[in-house]
Amino acid sequence: MKFRCIIVLLFSLALMLNGNAATSDNSDLVQTLRAQIVDSPDSVISELDKIEGQKKPALPTYQINLLRGIAYNEKRMFSLVERYAQKALADDSISAHPKAHLNALTLLSVAQSYFGNYQGSIDSSIKGMELARKEGNKAAEYNILTTMAKTSFSMGERKRGYKYLDQIISEGSNSTEARILANVSAAYGVKIVELYADDRFAEGLSEGRKRFALIDKIDRIGGSPAGFTDQQRAYTYARIASCAERLGKSDEASEAYNAFMATDYAKNPVGRVYIMDYLLDSGQWKRVLEFTAPLYSMFEGTDTINGDYHSLLISDGRAQAGLGNYREGYGLIQRAAAIQDSLYMREKSTRAQELASVFALNEKELALVKEKAKSQRKHILFIASIGIAVLVLIILILVWRAYLNSVKQQRIAAKRIDELIAQRPLEADSTPENQEDYILFAEMQSKIISGALFKSPDLNRDSIAETTGLSRAKVSQLIGLFTNLTPSEYINKLRVEYSVKMIQEHPEWTIDAIAESCGYVRRATYYSHFNKFFGISPAQYRKEKSKTESKDEETE
C-alpha cells in the first residue's frame, strides 16, 4: 500500500511539473473542471457525461477521457483510471497535444503499477519519457524515471531501480533550473530510503551529504516554493540520523537530529514524524511518545482506519515496550493489527464498489453502441460483433494463460521455500578444511537460532560478537566463509526463514504481525528481504500454502 501511495503522489507531481495539461481546446473549461477534481470528482464525472452527450461536445473526446481518468484517480478507482487513460491514448488526435499525451501515459503507468502490471507500467513510462525528451521537458522526464525506479524496486529489480535514480542524479545535478533540480533532489530522497531498506547505511550517509550540496544550489538559484528547501533539508537530516545511528555513529546521528530540530519543518508535529525512525533506532522512547502525543488530536472525530494512524500506534507500542510498559505496548500493537485488518476489508469493499461502477459504465456504453448501430447494415453489425467476440475470447485466453503461469510460478516458489526450510543444512556444502572455524560457526549459529536473537531489530555483527565472545572481525569471517553472506544479509536470512515458520504455524496472523515477530520494523523491508531470498512475497507464499493445505484436507 505504501508503494501505491507513493506512485499516486508521483503522478500528482508529474501533472504539476508538466504545467497545464489542457490544450487550446476550450482551456478555460478544462482548467475549471481540473480545479474541481480534488474536492468533487463525482461532480466532474457527471459534468463530463453531460458534455459528451451534447450534439457538439464542448471538449474533444480525448480530453473528456483524460479528465475522467484523473477524476477516477482521485477516487482511487484504478481499473477505471486505466480504462480512460487507454481511451484517451487510443484517440489519434491526442498526438497533436504533447502535454495531454504525456499526462495520459503517466496516468496509465500509475494504474498499471497499482494492479502489479509492472512491466506494463515500465512500458508506458518509457513512452512518456521518450515524449518528454522530444518536447525537451527534463523535469517530466526525471519524474517519470523516478516512477520507473520505484516500480523496479517493487519488482525486485533493485539494480535497475538504482540505475534509473543514478541517471537522474548524474544528468540533472549540473542543471541551473530549480524545477529540474527539485526532481534530482526527489531522486536522492528515494535512493536514500532504498539504501536504508537494503541496510546500506554508509552509502545512505554519503548520498545524504551530496543531497545537501544540491539543496544549497537550489537556494542559490532561487525560484523554489516557500519552505521547499527547508523541508528537503529536514528529510535529509532525518535519513542521515537514522543511517548514522545504525552504523553506530551516535555523535553524527545526534548532530543530524539537532540539525533536523532546527529546521522550520520540525516545528510542525507532522514534520517530526520523519525523525521517528532515528528515535526508535536510538531507543529514545520518551521522546517518541512526546512527539506522537500531539498527533492523536488530528484524528479526533475522524476515521482512524488509515495507514497513518496504524503507524502512530506501532511507534507508540514500541516506545511503551522499550520503557518496560509491556502491557500497554502490547495493547497498542493489538489496536494497530485490528486497524490493518480493517484496512484490508475496506480495500475489498472499495474494489467491489469499483467493479459495480465498471459494470454500470459497461451497460451505459453498450446502450450507446446499440443506438449508433441502428443506422448500420445488419451484416456489418454481425461481422463487427463476431470480431469483438473473437478479440475478447483471445484476450481472455491470454489473460487466463498469464494467470495460470503466474500461479504456477508462485506454487513452484512456495514449494522451493518449503524444501529449503525442511532440509536447511549448516550452510557449508561439505566438511570444511578448517574444522576449528567450522565448529566456531556452528556454535555461533546455534546460539543465535536457539536464543532467537535475530528477532531483535537491533541485532548486528557487534551484538553477535558480544553474545558469542568472538571478535567482530571473526564474526564477519565465519559468516562470509560458511554462507557467502555479509553479517547483515545473514541476519536477514535467518529472519525470513523464521517468518516462513510463523506463516505456517499462525495462519491467523497478519503479515505485519509476522514481520514484527521476526524483528522487522517496517513491512516494506520485510517484503524486500523475503523477495530477495525466495523470489516471492510473503502474502503470495501464504496464499499458496493455504491452497496446498486445503487440497490436502480434501484428499484426506
Q.
Here's a test for you: under ring-ring contact (aromatic ring centres under 6.0 Å, His included), which of Tyr490, Tyr520, Tyr498 qualifies with Phe454?
A. Tyr498
Q) With sequence neighbours excluded, what pairs up with Asp462 under the side chain to side chain donor-acceptor pair (under 3.5 Å) test? A) none
Q.
Taking side chain to side chain donor-acceptor pair (under 3.5 Å) as the definition, give me every residue that meets it alongside Ser528, ordered by chain and number, with sequence neighbours left out.
A. none
Q.
Please check this pair: side chain of Ser109 against backbone of Leu105, looking for a donor-acceptor N/O pair closer than 3.5 Å.
A. no
**Q.** Inter- and intrachain pairs under salt bridge (Lys or Arg N to Asp or Glu O under 4.0 Å), touching residues 527-538, at least two apart
**A.** Glu489-Lys532
Q.
Taking Glu252 first and then Arg209, would you say they form a salt bridge - that is, a charged N and a carboxylate O separated by under 4.0 Å?
A. yes
Q | Donor-acceptor pair, side chain of Gln284 and main chain of Leu279, under 3.5 angstrom | A | no
Q. Is Lys493 salt-bridged to Glu497, going by a charged N under 4.0 Å from an acidic O?
A. yes
**Q.** Contacts of type side chain to side chain donor-acceptor pair (under 3.5 Å), residue Gln232, not counting sequence neighbours
**A.** Ser185, Arg211
Q. Just wondering, more than 12 heavy atoms not from Tyr527 lying within 6.0 Å of its OH?
A. yes
Q | Within residues 163-198 or reaching into it, pairs that qualify as ring pair (Phe, Tyr, Trp, His ring centres under 6.0 Å) - sequence neighbours excluded | A | Tyr196-Phe201
Q: Go through the steps for Lys191 and Asp198 under the test salt bridge (charged side-chain N to carboxylate O under 4.0 Å, His left out), then give the verdict.
A: CA-CA 10 Å; Lys191 185 176 182 181; Asp198 288 340; over 6 Å; no
**Q.** salt bridge (Lys or Arg N to Asp or Glu O under 4.0 Å) contacts in which one or both residues fall within residues 120-137, not counting sequence neighbours
**A.** Arg133-Glu141
